[in-house]
> 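Take this structure first; my questions come after.
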Amino acid sequence: FDSNSINKYPFPSEQIPRLSVADPETYRLIKESKPVIITDTNLVGSAAKWDLNYLHENLGKGLFYVYTSNTNKFKYYNSNRAEQCKSFVNPTERHHVTFPQFLQMLKRCSCTDEKVYLQQILNDTVGTNIVDDFLQFNWDWVNKCKAAFGWGQLSSNLLLIGLEGNITPVHYDEQENFFAQISGYKRCILFSPDQFDCLYPHPVAHPCDRQSQVDLSNPDYKRFPKFRNVRPTEAIVGPGDVLYIPMYWWHQIESLLSRGLPPVTVSVNFWYKGSALPDKIEYPLTPQQRVSVMRNVEKMLAAALDDPDKVGGLLRSIVEGRYT
Ligand SMILES: CC[C@@H](CC(=O)C(=O)O)C(=O)O
Ligand SMILES: [Zn+2]
């Protein structure tokens, strides 16, 4: 990848450890819900051949969700909520197209400023060769991890094919994630769940729930003063690397320029439901549990007031002059 293309941000960062699948330290970190890049897993080795030609030949006739953006940012939003929220402006457009249509959209990017990002859950519409490749993922290893860490079921594998330069802005997910890089390079900037106060997520009822309001490339320090205190940890993942993104950990993913032809990156993630709540809650709560409590309070108040816009006012009445 072209190291000159790496965006400069106003904060220092640590490096995410890069350890072998054979190193016991790898599993100590996962057990502690800490990010780690795991090498030599061969988790998606059978997908190393997933270039655009092979995918065109074998992905089948199904439809794929492809997002287009006038910038290089692809901020996720819940499309159902977006429809109900009149004031909300979609940051990207979602299209449901065949793979050949996606390839056409990709070609058009070279002569427009538009960027595209295919983000599709692998499903049973794919061709038999893709099914074979999928079955040859290293399920033995990943299932052993699932069992060892008490994770819930695999909820989905998201296929990601994006243009070099695309950015998925900082957000968190409520699932454990083994993020497998197939081709191209991605810079992954992670922030621990205890940095919630620095990252100012949208309200839970907002279409961009779980997404930070802070634009890393242009932070508004007046609205988000605590952003100055962020302390990310980051790494660049390349073909064959697997990054463990623990549940509730914030992450921004940037596809780096590597002058690949065509200039795309390919990844597949493995989203797992989190482990069951412990029988006995230990105190103090973990940062993840604190985020979960805050989410539940926002949801409960939005329902109790029958209007998400009234939640802030009620919380201020509770806190101001009393819990300060
Ligand atoms: C969803 C897109 C993102 C990955 C990610 O956020 C995740 O796997 O949770 C990326 O690779 O651009
Ligand atoms: Zn994510």
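Everything quoted here is computed from the prediction, not taken from an experiment. Order of appearance sets the numbers: ligands from 1, and atoms from 1 within every ligand.
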> Taking side-chain contact (heavy atoms from CB on, under 4.5 Å) as the criterion, tell me which of T92, V66, T168, T68 meets it with Y117.
T168
> Quick test: of every protein heavy atom, which one is nearest to atom 5 (C) of ligand 1, and how far off is it to 0.1 Å?
H251 NE2, 3.9 Å
> Output yes when R295 and E174 qualify as a salt bridge under the 4.0 Å nitrogen-oxygen rule, no when they do not.
yes
> Not counting sequence neighbours, which residues clear side-chain hydrogen bond (donor to acceptor under 3.5 Å, both in side chains) with H251? List them please.
H171, D173
> Give every residue pair that meets the salt bridge (charged side-chain N to carboxylate O under 4.0 Å, His left out) criterion with at least one member in residues 106-134, sequence neighbours excluded.
K49-D133
> Below 4.0 angstrom from a heavy atom of N269, which ligand 1 atoms are there? Numbered from 1 as shown, please.
7 (C), 8 (O)
> Any side-chain donor-acceptor pair under 3.5 Å between E164 and T265?
no
> Measure the acute angle between the ring planes of F11 and F227, then classify it against the limits of 30° and 60° as parallel, tilted or perpendicular.
perpendicular
> Report yes or no: does H171 have a heavy atom closer than 4.0 Å to ligand 1?
yes
> Any idea which atoms of ligand 1 are less than 4.0 Å away from a heavy-atom of F179?
4 (C), 8 (O), 11 (O)
> Does the separation of the ring centres of F102 and F64 fall below 6.0 angstrom?
no
> Enumerate the atoms of ligand 1 whose separation from the nearest heavy atom of N177 is less than 4.0 angstrom.
7 (C), 8 (O), 9 (O)
> Apply side-chain contact (heavy atoms from CB on, under 4.5 Å) to E32 and list each qualifying residue two or more places apart in sequence or on a separate chain.
R28, K34
> At a cut-off of 2.8 Å, list the protein N/O/S atoms near the Zn ion (ligand 2), residue plus atom name.
H171 NE2, D173 OD2, H251 NE2
> Taking only heavy atoms of K186, which atoms of ligand 1 are found under 4.0 Å from at least one of them?
10 (C), 11 (O), 12 (O)
> Can you tell me which residue and heavy atom of the protein come closest to atom 3 (C) of ligand 1, and the distance to 0.1 Å?
T168 OG1, 3.7 Å
> Classify the angle between the aromatic ring planes of F178 and W151 as parallel (below 30°), tilted (30 to 60°) or perpendicular (above 60°).
tilted
> Does the plane of the ring in W50 sit parallel, tilted or perpendicular to the ring in F137? Use 30° and 60° as the thresholds.
tilted
> Could you tell me, atom by atom, which parts of ligand 1 come under 4.0 Å of a heavy atom of L160?
2 (C), 4 (C), 11 (O)
> Taking the minimum heavy-atom distance to atom 9 (O) of ligand 1, which of D173, I245, N166 ranks first?
D173
> Are any non-hydrogen side-chain atoms of T39 and R18 less than 4.5 angstrom apart?
yes
> State the atoms of ligand 1, each with its element, that fall below the 4.0 Å cut-off from a heavy-atom position in W271.
7 (C), 9 (O)
> Which ligand 1 atoms does Y117 reach within 4.0 Å, using its non-hydrogen atoms?
10 (C), 11 (O), 12 (O)
